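Every chain is numbered from 1, with letters handed out A, B, ... down the list of sequences. Quick caveat: nothing in here was measured; it's all calculated off a predicted structure.
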Number of protein chains: 2
Amino acid sequence: MDDVLAKPVSIANQIHQRLRDEIVHAVLKPGMALSEADIAARYKVSRQPVREAFIRLAQEDLVEIRPQRGTYVRRIAAVSVLDAHFVRDAIEVAIAREAAQKAQPADLEKLYALIACQATASTNAEFLASDEALHEGIAAMAEHLSAWRVVHQIKAQMDRVRYLSYGEVSPIDRLVQQHREIVDAIAAHQPDAAAAAVLRHTADILHQLPELARRYPEMFEG
Amino acid sequence: MDDVLAKPVSIANQIHQRLRDEIVHAVLKPGMALSEADIAARYKVSRQPVREAFIRLAQEDLVEIRPQRGTYVRRIAAVSVLDAHFVRDAIEVAIAREAAQKAQPADLEKLYALIACQATASTNAEFLASDEALHEGIAAMAEHLSAWRVVHQIKAQMDRVRYLSYGEVSPIDRLVQQHREIVDAIAAHQPDAAAAAVLRHTADILHQLPELARRYPEMFEG
DNA sequence: TTTGGTATGCTACCATACAAGTTAGCAGCA
DNA sequence: TGCTGCTAACTTGTATGGTAGCATACCAAA
């Protein structure tokens, strides 16, 4: 299954993807200063493609460009996570409802395969990758892939928090079980049940938020 | 009421805003080729800020950058409009529900003022501006402004169609009436009624779509 | 007529140089 | 000691030149 955004051709695109990953995975910590010149030197390229990568990241709200001052990895705003959650819920519930109506046996098999894959995932990155693939698969089934692209972008804010919380708060088994409930409801062509299952699933991260903000205060703003 | 994205400082930002407006208002027609050099010459600036504006537009799906080939105003894909509609519905319905719960008298006055303003609008641009202000105001009341930012971006795809259809299909009076029903439901603190009103409102454009695609085939793809 | 190679002019992409603004730090003075 | 103001070292923003890739037109050969 190809990634939803696959065009790693130009240098600017490559820099963008790498920086995006590093920010989402919290390798580049919130609040950290990023200099065009520094990144350019690190990757042995000129400032120009780095600059263009920064522009993309800024539009995704992952960095903040302060003119003539510097570019900084955005701190995680609790309100942003809440709003990201709000938007994601709205879209994914709608997607799940349509998926429940359009579900085909062949598609369902793939989803269950992904869930099985999750259950045996050994690393957080591995789990989150198949997690994303699952949600994307559901969107594909509902024939709303470009709606999923919106979620994908929004999700970056939440994923930063999820990487912080790996193994600390949310047990994998529980998430896998929630996934199973979602797909079961879809397979049974029950839109309401699917919507409810999605809500239960996405609600989890919100409960973790206050604890995480307490534990990693320097990564949050406000 | 400030616009949701107000930072027209750098040349790149100014170029971006102007081009965005011209694309959304269909001054720059779908399929038209945009050259960095041409735009730079038109606005008497260098190619660099134009290029950065193109990058922003590409991320908003308003232009398509084909490396070493050219940059083109995206044709309107019917499926994109459908998906834009899908996402917008999902978010705006959720916003309306929360607005219905959090509505304050002072906020409601502003909304009714906007509706009155719409009823007397003489140009399409004027109407759409206050239309946007109304929906943004509802989002502000629901305390989900950043969710509205997502809608704002998505909406660009639909607005291009709306500008095509001015005066031809959708009578202003009808839209204003729909707005009134939405705000009435919110004022009455009835989430379900508000959601239903929003759905009725946003459904209109979908009915216009086939007719518009028939009338302006060169602006659509597929 | 059709096919294939080539020249030309276009494009976006990248590197480099310069400009303009901000900030931190330190020297010097009250 | 504490404040003021300058300087120097950053930052991003803009301009410009050169390069590689693609498309078209043209011409020659089959």
Next item on the list: Go along nucleotides 7-15 of chain C 5' to 3' and tag each nucleotide: B for a protein heavy atom under 4.0 Å from its base, S when only backbone or sugar atoms are that close, - otherwise.
Entry: ----BBBSB

Note to self: Checking Arg160(B) now: which residues fulfil salt bridge (charged side-chain N to carboxylate O under 4.0 Å, His left out) with it, not counting sequence neighbours?
What the structure shows: none

Note to self: Quick test of your reading: applying ring-ring contact (aromatic ring centres under 6.0 Å, His included), list the pairs with at least one residue in residues 77-99 of chain A, sequence neighbours left out, ordered by first then second residue.
What the structure shows: Phe86(A)-His144(B)

Under 3.5 Å, which donor-acceptor pairs do the side chains of residues 55-73 of chain A form with other protein atoms, sequence neighbours left out?
| residue | atom | partner | partner atom | Å |
| --- | --- | --- | --- | --- |
| Glu60(A) | OE1 | Arg20(A) | NE | 2.7 |
| Glu60(A) | OE1 | Arg20(A) | NH2 | 3.3 |
| Glu60(A) | OE2 | His16(A) | NE2 | 3.0 |

Margin query: Using the side chain to side chain contact (heavy atoms under 4.5 Å, CB included) criterion, which residues pair with Ser46(B)? Sequence neighbours excluded.
Written below: Gln48(B), Pro49(B)

Notebook entry, point to check: Among all residues two or more places apart in sequence or in another chain, which pass the salt bridge (charged side-chain N to carboxylate O under 4.0 Å, His left out) test with Glu126(B)?
Noted result: none

